[in-house]
Engineer: 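Please see the structure below; I have some questions.
Note that the coordinates shown come from a computational prediction; the quantities given were computed from them, not determined experimentally. Counting starts at 1 for both ligands and their atoms, following the listed order.
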Amino acid sequence: MSQGNSTSGGAPSDKKDAQLEAYRENAGEGFLTTDQGIRVNDTDNSLKVGERGPTLLEDFHFREKIMRFDHERIPERVVHARGSGAHGHFQVYESLADLTRAKFLQDPARKTPVFVRFSTVAGSRGSADTVRDVRGFAVKFYTDEGNFDLVGNNIPVFFIQDGIKFPDVIHAAKPEPHNEMPQAATAHDSFWDFASLQTETTHMLMWALSDRAIPRSLRMMEGFGVHTFRLVNAHGRSRFVKFHWKPLLGVHSLVWDEAQKISGKDPDFHRRDLWEAIEKGSYPEYELGLQIVEEDDAEKLGIDLLDATKLIPEEVVPVRRVGKLTLTRNPDNFFAETEQVAFCVSNVVPGIDVTDDPLMQARLFSYLDTQITRLGGPNFAQIPINQPVAPVDNHQQDGFHQHRIPRRRANYTVNSLGGGCPHLANLANGGYVHYPERVEGEKIRKRAESFGDHFSQARLFWVSMSAPEKEHIVKAARFELGKVESLEVRQRMVANFVEVDMGLAKMVAEGIGVDVQAAVKFVGKRNTKPAVAGAPSPALSMENTVKGSVATRKVAALVADGVSAAELKDVKTALEAAGAQLEVVGPRLGAVKTAEGGSEAVTMALPTVASVLFDAVLIPGGKASVEALLQDGAALHFVNEAFKHYKTVGATGEGVDLVRGAAFAGVALADAGGKQGQVTSQGVVTSQGAPDLGAFAKAFLQALGQHRHWDRPGAERVPA
Ligand code: HDE
């Protein structure tokens with residue numbers, strides 16, 4: 001085994017990288033050995049009695065090789081099994097010493113190493129990335145004062161208010177126990193049965209039915225700590241805080257039809273996107289945002305801060321952006337890092353403290369506990385990816401997989417034989433002192449009155465959506481509930497929508513064979529707290545997200561022999577200068593001949609890709625090329641499907657003929673009227689005749705920067 005350099009090939013970039021360096025093994029050039037270091041002379045044939053005889057038990061190499069293989073798997077996470085990780089760092093913009101003692105939040109010069117793991121919740125480890133689900137957004141900060149884990153989601157609220165309901169909601173969401181179906185999907189009876197009965201789920205369900213649950217990229221979604229935490233400063237002053245992550249690329253989504261198709265075309269879509277962005281140096285960036293609430297103001301918010309099914313609208317308490325997380329390095333090894341990383345909500349550092357949120361309290365137990373089964377014993381903090389960069393010293397000992405060799409006799413506190421070591425820290429030298437919150441009360445199993453409003457914020461979310469977002473929610477609800485066999489469950493769920501908004505309920509009911517009046521009657525009979533109407537929160541709508549940039553967007557240029565190299569080149573240059581990526585998609589790998597008599601390299605073969613893997617499609621001119629594409633069903637389907645999914649479609653010169661041959665030609669080219677020159681209509685950018693490539697590229701980039709053209713008419717009519 002040879003110890004090597006960090007994968008970046010240079011000096012370790014930070015303390016964590018330096019620590020990991022000690023464990024890295026580069027591909028060696030030496031001999032193949034057993035785990036005991038014995039050199040192996042044959043690993044293709046087991047030791048047998050004669051060439052065709054039985055294998056001998058004494059074959060230690062065979063036995064070890066098979067034994068190791070048999071035990072490669074560890075239990076997958078009971079939730080969030082499917083995930084992707086990345087290394088990076090966090091840096092605060094200015095000192096937050098007024099708010100917290102946490103040192104990593106006080107020094108703008110300090111780069112704190114982090115490891116982030118994004119995940120889906122319901123699916124198994126091998127499930128597809130683009131399923132409709134909540135995404136986990138877990139960040140481990142390796143601070144000089146120990147590890148701080150911010151184990152969040154991309155939705156700011158949760159399904160349930162008390163952690164004791166977690167096994168119930170997860171059992172209901174996971175595949176049904178008798179037949180282990182469906183995989184990574186909540187569109188089945190048991191989930192909606194539970195959801196319809198447990199009305200506190202309604203707010204989060206609105207989010208889960210929205211486009212937030214089908215992100216375009218892990219780099220384009222928000223993150224939330226969900227619970228109310230405390231920040232405590234050096235004077236012991238505590239304030240409540242909600243943590244946010246804001247992606248600099250904005251929040252963008254897929255279309256549901258597209259998401260389902262990607263699950264087949266590239267189940268690793270999000271994982272690949274994250275990996276490739278980092279490899280290319282397009283480092284994903286997210287700003288850390290804080291919503292601070294003074295203890296005395298908590299009552300005035302009209303919600304209970306301990307209720308994780310509620311958010312604080314950003315218009316009420318603005319999100320202060322305090323620092324930036326940048327992901328700069330892919331893991332060296334998936335299992336060693338992404339699979340073995342253990343996030344624990346209870347990993348907090350001085351200056352950050354928890355609250356009595358009953359969901360959070362359950363998590364403080366669960367994450368520590370689950371690692372015992374998953375990582376096989378209590379020493380999981382010694383696994384390289386989990387080790388803090390802060391020194392560790394205590395009298396915890398033994399257990400499975402102990403890697404330390406403690407060399408002290410006094411393995412207890414208090415001691416005199418060991419000089420009293422290790423010493424206890426106090427506030428002054430960085431000891432973690434729990435915030436001395438005053439609590440008193442009777443032991444009681446009861447939900448607080450202040451947790452009783454289950455619908456007002458579900459309605460807030462609904463009324464804050466743009467028209468296309470609302471339409472997507474209705475369609476998602478029709479899809480999910482359309483797969484529910486029990487009419488009673490569907491009806492009860494429509495009743496919950498009635499409590500949110502009558503218009504929503506009617507639209508959903510219509511699509512799933514439910515009588516909305518029956519649902520209204522049902523609502524009348526039960527004792528739920530009616531929703532209070534409030535002003536919309538524009539911050540909740542993805543319509544108001546960051547737009548305009550085309551950085552890291554993927555464009556497919558469809559080409560065949562005879563493509564106009566000139567038309568391709570200019571647009572390619574403009575796209576790449578703006579940070580977008582252009583793939584030349586041809587009938588096969590290799591190259592196509594150009595109209596100019598040269599050749600153009602094909603970077604992807606049409607049979608191996610699909611429009612759903614791109615943000616936009618470009619059809620450069622070249623008579624022969626376009627004629628060939630018009631004869632190719634896959635090329636036509638590509639363009640039709642891109643249009644159906646509201647993507648930017650661009651065509652120059654004869655390329656416009658492909659648009660004319662597409663199913664949406666009537667809509668897209670209606671106002672072009674066969675004119676020469678440039679036309680942009682709802683994200684279809686065409687430049688006919690001898691194209692003005694400069695103007696075309698500008699218009700194409702502008703359209704691409706909109707991400708999707710949600711108001712595009714006729715998209716639904718396209719049969720793709
Ligand atoms: Fe988790 N959750 N959770 N969760 N959770 C786990 O921990 C749990 C909750 C979240 O990439 C498990 O190590 C309970 C809320 C993320 O490794 C487990 C409750 C939020 C991840 C667990 C919740 C989350 C997990 C499974 C209710 C958003 C993946 C394996 C009381 C704020 C972390 C593991 C990673 C993982 C329990 C609710 C986010 C079993 C009991 C709320 C991002 O411990």
Engineer: For Asn153, is at least one N or O under 3.5 Å away from an N or O on ligand 1?
Structural biologist: no

Engineer: Determine the sole option in Phe240, Phe243, Tyr435 for which the side-chain contact (heavy atoms from CB on, under 4.5 Å) test with Leu231 is passed.
Structural biologist: Phe243

Engineer: Of all the atoms in ligand 1, which lie at a distance below 4.0 Å from a heavy atom belonging to Val78?
Structural biologist: 40 (C)

Engineer: With a 4.0 Å cut-off on heavy atoms, is Met360 touching ligand 1?
Structural biologist: no

Engineer: Verify the neighbour count for atom CZ of Phe334: are there more than 12 heavy atoms of other residues, nucleotides or ligands below 6.0 Å?
Structural biologist: yes

Engineer: Can an N or O of Ser119 be found at a distance shorter than 3.5 Å from an N or O of ligand 1?
Structural biologist: no

Engineer: Distance below 2.8 Å from atom 1 (Fe) of ligand 1: how many protein N/O/S atoms qualify?
Structural biologist: 1

Engineer: Only heavy atoms of Ala362, strictly under 4.0 Å: list the atoms of ligand 1 that pass.
Structural biologist: 31 (C)

Engineer: Only heavy atoms of Gly163, strictly under 4.0 Å: list the atoms of ligand 1 that pass.
Structural biologist: 31 (C)

Engineer: Is Gly83 close enough to touch ligand 1? Criterion: a residue heavy atom under 4.0 Å from a ligand atom.
Structural biologist: no

Engineer: If a pair satisfies ring pair (Phe, Tyr, Trp, His ring centres under 6.0 Å) and one of its residues is in residues 125-144, list it, with sequence neighbours excluded.
Structural biologist: Phe90-Phe141, Phe104-Phe141, Phe118-Phe137, Phe137-Trp245, Phe137-Tyr286, Phe141-Phe148

Engineer: Would you say Thr528 and Glu499 are linked by a side-chain donor-acceptor pair, where the criterion is simply a distance under 3.5 Å?
Structural biologist: yes

Engineer: Checking contacts here: is it the side chain or the backbone of Thr370 that comes within 4.0 Å of ligand 1, counting heavy atoms only? Could be both or neither.
Structural biologist: side chain

Engineer: Among all protein heavy atoms, pick out the one at the shortest distance from atom 17 (O) of ligand 1; state its residue, atom name and that distance to 0.1 Å.
Structural biologist: Arg77 NE, 2.7 Å

Engineer: So which heavy atom in the protein is nearest atom 35 (C) of ligand 1, and how far is it from that ligand atom?
Structural biologist: Arg117 NH1, 3.2 Å

